[in-house]
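Let me begin by presenting the structure, written as C-alpha cells, before commenting on it.
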Amino acid sequence: MTDEQDKTPAEPLRVGVLGARGRMGIEVCKAVDAADDLELAASIDQGDSRSAVSAAEVVVDFTTPDVVMDNLRWCIDQGISAVVGTTGFTEQRLEQVRGWLADKPGVGVVIAPNFGIGAVLMMQFAARAARHFESVEIIEQHHPRKLDAPSGTATHTARQIARARAEAGLGPVPDATKDEVSGARGADIDGVRVHAVRATGLVAHQEVLFGTTGETLTIRHDSYDRASFMPGVLLAVRAVRNRPGLTVGLDALLD
Ligand SMILES: NC(=O)C1=CN([C@@H]2O[C@H](COP(=O)(O)OP(=O)(O)OC[C@H]3O[C@@H](n4cnc5c(N)ncnc54)[C@H](O)[C@@H]3O)[C@@H](O)[C@H]2O)C=CC1
Ligand SMILES: O=C(O)C1=N[C@H](C(=O)O)C[C@H](O)C1
C-alpha cells in the first residue's frame with residue numbers, strides 16, 4: 001500500500017440541528033449537508049423527540065428564546081457541545097449556562113447573537129468608535145415574522161457600546177426629551193437607545209449612528225439572505241469541541 005492509499009479520510013463530524021424546519025434551521029441543514037467534513041446526523045423540530053440527536057457530536061440550536069435554555073441544558077447533560085444562534089440571552093442566562101458547563105469540563109458551547117461575519121465586524125467597529133462620540137443610537141430592521149425586539153444583535157451592540165463608553169468615562173447620551181409618546185425614543189439598553197423596525201422584504205439589518213460636534217458616523221450592516229450566517233455557523237461547529245466552556249460571540253473564533 002502506498003502512502004497515498006494509506007490516508008484514510010477523517011470521519012465526518014456528526015451534527016444535529018434543533019429548529020430544523022425553521023428559517024435558519026433549513027439553511028443550517030443545507031450547509032451541513034454540503035460540507036464534506038460534516039454529517040447531518042439528526043434534524044428535529046417542535047414535537048420531535050430529542051433522543052434522535054443523542055448521536056450528534058455537536059448540536060446547532062436555532063429555535064426560540066423560550067425553549068433554548070431547556071435544549072442547552074439537555075445537550076450539556078448529554079455531553080454534547082452546542083452552537084447556539086437563538087436569541088434571548090441575558091447576563092443571567094449566560095451565568096446559568098456557565099454553571100451547567102462547570103460540571104462538564106469537556107463540553108463547549110458557542111452562543112453568538114449574529115453569525116454573519118460582516119455583522120461581527122460591524123459590532124467590533126461600533127465598540128471601537130463608541131468612545132469618540134457623545135451621541136449614539138441603534139436602528140435595527142428585520143422581517144416581520146421575528147418574535148423578539150429589539151434583536152439580539154442590537155442588544156449585544158448596545159451593551160458593548162455602553163461598556164466602551166463607561167471605560168472612556170463618557171456620561172449619559174445627551175437627550176432633552178421631556179414629553180414623549182411611549183416608545184418614541186426606542187428601548188433603553190444600558191443607556192443606549194435602540195429602535196426596532198419590522199417590514200416585509202427585510203431580512204436582518206442594523207445601523208449604528210454616532211454623533212459629535214459637527215459630524216456623524218454611520219456603521220451599517222445588511223444580511224440580504226440567511227446564507228450570510230452559514231460561514232460563521234460552520235466555523236463555530238468545527239471549533240466548538242476545542243473550546244470547552246462558554247464562548248459568547250464569534251470574535252474569538254475569527255481571531
Ligand atoms: N445568531 C444568528 O446569527 C441568528 C439568530 N437568529 C435567531 O434564531 C432564532 C430562530 O430564528 P428563525 O429560524 O428565523 O425562526 P423560526 O421561527 O423560523 O424557527 C424556529 C424553529 O424552532 C422550532 N422549535 C420551537 N420549539 C422547538 C423545540 N422545543 N425543539 C425544536 N425545535 C423547536 C419551531 O418550530 C421553528 O421551526 C431566533 O431567535 C432568531 O432571532 C436568526 C438568524 C440569525
Ligand atoms: O431573527 C432574525 O432574523 C435574526 N436574529 C438575530 C438577532 O436577533 O439579532 C440575528 C439576525 O439579526 C437575524
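Ligands are counted one by one from 1 in listed order, and the atoms in each one are counted from 1 as well.
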Can you tell me which residue and heavy atom of the protein come closest to [atom], and the distance to 0.1 Å?
atom                    : result
atom 6 (N) of ligand 1  : Gly85 O, 3.7 Å
atom 12 (O) of ligand 2 : His142 NE2, 2.6 Å
atom 35 (O) of ligand 1 : Asp45 OD1, 2.4 Å
atom 18 (O) of ligand 1 : Arg23 N, 2.8 Å
atom 10 (C) of ligand 1 : Thr63 O, 3.2 Å
atom 26 (N) of ligand 1 : Val67 CG2, 3.6 Å
atom 33 (C) of ligand 1 : Gln46 N, 3.5 Å
atom 8 (O) of ligand 1  : Phe62 CD2, 3.3 Å
atom 3 (O) of ligand 1  : Phe115 N, 2.8 Å
atom 9 (O) of ligand 2  : Thr153 OG1, 2.5 Å
atom 4 (C) of ligand 2  : Lys146 NZ, 3.7 Å

Within reach of ligand 1, part of Thr86 (heavy-atom separation under 4.0 Å):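 Both the backbone and the side chain of Thr86 come within reach of ligand 1.
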
I'd like to check which ligand 2 atoms, numbered from 1 as shown, lie under 4.0 Å from a non-hydrogen atom of [X].
X      : value
Asn114 : 10 (C), 11 (C), 12 (O)
Ala204 : 11 (C), 12 (O), 13 (C)
Ser151 : 7 (C), 8 (O), 9 (O)
His143 : 1 (O), 2 (C), 3 (O)
Thr87  : 6 (C), 7 (C), 8 (O)

Do any N or O atoms from the side chain of Asp255 and from the backbone of Ala252 form a donor-acceptor pair under 3.5 angstrom? no

So if I count the atoms of ligand 1 from 1 in the order they appear, which ones are less than 4.0 Å from some heavy atom of [X]?
X      : value
Asn114 : 1 (N), 2 (C), 3 (O)
Ala112 : 1 (N)
Lys146 : 41 (O)
Met24  : 13 (O), 42 (C), 43 (C), 44 (C)

Measure the acute angle between the ring planes of Phe210 and Phe133, then classify it against the limits of 30° and 60° as parallel, tilted or perpendicular. tilted

Apply side-chain contact (heavy atoms from CB on, under 4.5 Å) to the pair Thr63 and Gln46, showing each step before the final yes or no. CA-CA 9 Å; Thr63 57; Gln46 194 168 23; over 6 Å; no

Please say whether [X] places an N or O atom under 3.5 Å from an N or O atom belonging to ligand 1.
X      : value
Thr87  : yes
Pro113 : yes
Pro65  : no

Are the charged groups of Glu207 and Arg220 less than 4.0 angstrom apart, N to O? yes

Among Pro113, Pro65, Gly152, Gly22, closest by any non-hydrogen atom to atom 10 (C) of ligand 2: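 Looking at heavy atoms only, Pro113 sits closest to atom 10 (C) of ligand 2.
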
More than 12 heavy atoms of other groups within 6.0 Å of Arg23 CZ: yes

